[in-house]
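In this text, all values refer to a predicted model and were calculated from it rather than measured experimentally. Position 1 is the first residue of the sequence, and the numbers go up from there.
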Amino acid sequence: MNIQRFHAPTAREALAKARMTFGEGTLILSNRPSAGGVEVVATVEEELATPQPQPVAVSPSPRLQERADDLAASPVRTQHAHDGLVRSSAAKDAEQLAMSTLSFQDYVRERMLRRRKEALQGGAGVPPRMSAQPAMSAARREQAAGTEATLAAAPAQGRATVAPTVVGTASQQPLMQELQAMRNLIEDRFSTLAWLGQARQDPIQSGLMLKLIRAGYSPALARALLEHLPDRLPAANALQWLVGVLERNLKTDALMLPLHEEGGIHAFVGATGVGKTTTAAKLAAQCVQAHGAASLGLITLDAYRLGGHEQLRAYGRMLGVVAHLAHDRAALQDLLGLLASKKMVLIDTSGVSPRDPRRRELLEVLDLPEVRRLLVLNASSHGDTLDDVLEGFKTAGTQQAILSKIDEAVKLGPAVDALVRHQMVLRGVTNGQRVPEDWERADAHQLVTESMRCAVKSAFDPKEIELNYFFAQPGAVTGADAELAHVA
């Protein structure tokens with residue numbers, strides 16, 4: 001077998017050398033740090049797929065021998081010889097490469113052969129039902145012997161991938177599930193080791209990772225960002241690059257008109273207690289200051305919360321505007337027709353949990369072509385809570401949000417992280433209870449810079465030696481996470 005070792009200062013350069021030698025079929029067997037940088041052991045993929053020419057002696061049991069003679073005309077014998085050759089080849093490589101990918105492949109092949117042997121032994125003890133149907137028996141034997149698993153390791157930025165291909169009947173479902181679990185485990189471990197090895201070689205990258213995690217950013221976003229970090233950047237320039245990437249990916253209305261100048265019909269939705277009514281009052285006050293009380297219409301759908309309607313009516317009286325109550329979709333349509341001449345119409349809604357059955361009813365009431373939804377997010381919420389709210393209230397088309405209570409947030413990292421990953425357009429932020437003073441336009445540079453300046457020491461902050469736990473079991477990749485591949 002043609003196995004070569006490649007040395008380079010970084011894993012990327014070592015992989016490039018291996019690909020130059022073996023081409024597109026390069027198979028990475030191991031990747032480990034060395035005195036001069038990184039050592040990569042590689043070969044060509046066809047070396048594992050092609051069996052060795054020398055025969056391999058197989059010593060079956062007496063019961064297996066009788067069964068093997070009966071199946072001499074079927075593909076099982078050829079398949080056994082092929083598997084025996086591959087086992088022999090894998091065993092030789094495993095002796096040279098210790099705990100490499102080949103040793104894992106050899107383990108899986110032996111396990112499969114052992115299970116196949118047990119299945120054949122169980123079938124050999126059962127007498128044939130009818131000897132007058134040789135064609136049908138051969139077909140069934142071919143179907144029973146048609147299960148084969150092939151493991152292949154492919155290089156992907158210093159990470160090995162083990163991909164099983166299983167063809168068989170429903171009786172092999174437990175084996176398929178076990179192979180899938182093994183694949184996930186191997187991908188997880190190789191990905192973790194590759195990242196940690198790279199972090200040890202690049203202390204700047206490791207430091208930025210720690211800073212992002214302590215600022216409240218998710219490991220998923222932090223890892224996606226740092227995988228695109230340019231090589232050999234000084235620490236100050238690397239931090240500046242990171243802040244710049246976050247700013248470019250935090251969508252705001254900086255190039256749009258402010259909400260009170262844009263006008264239109266806007267409905268405030270979100271969870272309970274995030275500040276929807278207060279936010280609506282702030283935006284209403286801005287519209288009245290700019291265009292007068294006759295330009296504004298107020299509607300509330302909050303018939304569940306005690307005093308919800310009265311709160312908006314109190315704000316309306318301060319502004320000289322009547323707040324109307326709509327109990328259902330028909331009443332809402334009638335009120336929108338009545339207020340069609342207004343420059344801006346604001347609709348306040350009752351807060352509902354993302355898992356509350358009333359959420360769907362509320363969204364159906366607001367499902368009108370002219371109504372734009374503004375999702376109000378509490379900046380002081382945990383990242384998992386923000387993800388839950390964003391998933392629950394996600395709609396088709398452009399997603400717009402308002403970030404409330406940033407004055408109560410210990411860390412802005414979770415909120416900025418959620419907005420970036422879910423690609424929400426931020427239309428404004430609120431930083432207090434005063435109406436209308438505590439309202440600001442969304443400024444990506446200010447929010448990202450403020451989130452990275454977090455100096456609060458918390459029991460949830462990891463130490464540098466604990467970073468590997470953030471990559472031991474990566475979470476499932478969502479559709480929003482798939483967009484992070486091009487954030488840089």
Side-chain angles (χ1 to χ4, degrees), residues 4-24 26-42 153-161 187-215 217-250 413 416-417 420-421 445 448-449 451-452 462-468 470-472 474 477 481-488:
Q4 297 186 24
R5 300 177 183 271
F6 301 91
H7 296 82
T10 64
R12 185 177 299 176
E13 295 177 5
L15 290 175
K17 291 182 179 180
R19 290 196 182 109
M20 290 180 62
T21 302
F22 293 112
E24 294 297 330
T26 305
L27 185 66
I28 303 301
L29 301 179
S30 68
N31 179 4
R32 63 181 182 182
S34 63
V38 178
E39 178 190 84
V40 170
V41 179
Q157 306 240 344
R159 301 186 296 269
T161 303
E187 286 182 345
D188 176 19
R189 292 299 180 260
F190 270 105
S191 179
T192 302
L193 292 175
W195 168 258
L196 294 177
Q198 186 175 1
R200 283 194 295 267
Q201 297 174 24
D202 192 346
I204 294 178
Q205 190 179 57
S206 179
L208 289 177
M209 169 62 71
L210 188 62
K211 186 175 184 64
L212 285 170
I213 297 299
R214 286 179 174 173
Y217 287 86
S218 66
L221 179 63
R223 185 170 181 175
L225 291 171
L226 295 180
E227 283 181 349
H228 296 83
L229 180 67
D231 296 332
R232 300 181 179 85
L233 273 182
N237 294 347
L239 180 59
Q240 185 178 5
W241 175 89
L242 181 61
V243 172
V245 172
L246 285 171
E247 289 179 15
R248 290 195 299 272
N249 287 274
L250 179 58
V416 175
D417 177 279
V420 170
R421 286 188 294 104
H445 176 74
V448 172
T449 303
S451 70
M452 297 298 289
K463 298 180 180 179
E464 189 171 2
I465 61 175
E466 298 170 342
L467 281 179
N468 60 316
F470 287 92
F471 305 99
V477 178
D481 294 331
E483 299 179 3
L484 297 177
H486 57 274
V487 293

Checklist entry - Between Leu233 and Ile204, is a side-chain contact (heavy atoms from CB on, under 4.5 Å) present by the stated rule, with each step listed? => result CA-CA 8 Å; Leu233 273 182; Ile204 294 178; over 6 Å; no
Next on the checklist: Let's go through Asp231 and Arg12 carefully: what are the C-alpha distance in whole Å and the side-chain angles of both, what is the deciding distance for side-chain contact (heavy atoms from CB on, under 4.5 Å) to 0.1 Å, and is it a yes or a no?
Outcome noted: CA-CA 11 Å; Asp231 296 332; Arg12 185 177 299 176; 3.7 Å; yes
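The side-chain contact (heavy atoms from CB on, under 4.5 Å) check on Ala14 picks up Ala8, Val40, with sequence neighbours excluded. Partners of Thr21 by side-chain contact (heavy atoms from CB on, under 4.5 Å), not counting sequence neighbours, listed by chain and number: Gln4, Phe6. Looking at residues two or more places apart in sequence or on another chain, you find a side-chain contact (heavy atoms from CB on, under 4.5 Å) between Gln240 and Asn237. The salt bridge (charged side-chain N to carboxylate O under 4.0 Å, His left out) test applied to Glu39 returns Arg5, Arg32, not counting sequence neighbours.
Ala11 and Val38 get closest at one heavy-atom pair: N-CG2, 3.6 Å. Nearest heavy-atom pair across Gly413 and Ser451 is N-CB, 3.9 Å. Scanning both residues, Leu226 and Gln205, for their nearest heavy atoms gives O-NE2, 2.8 Å. Nearest approach of Ser218 to Ile213, heavy atoms of both residues: C-CD1, 4.3 Å.
Within the 4.5 Å cutoff, no side-chain heavy atoms of Leu221 are placed close to those of Leu212. Annotation: side chain of Met452 is in contact with side chain of Leu242 (closest heavy-atom distance under 4.5 Å). Residues Leu225 and Tyr217 are not in side-chain contact: their nearest non-hydrogen atoms beyond the backbone lie 4.5 Å or more apart.
Atom NE2 of His7 is surrounded by more than 12 heavy atoms from other residues, nucleotides or ligands within 6.0 Å.
A salt bridge links Arg223 to Glu227: at least one charged side-chain nitrogen sits closer than 4.0 Å to a carboxylate oxygen.
At distances below 3.5 Å, not a single donor-acceptor pair connects side-chain atoms of Asn249 with backbone N or O atoms of Val420.
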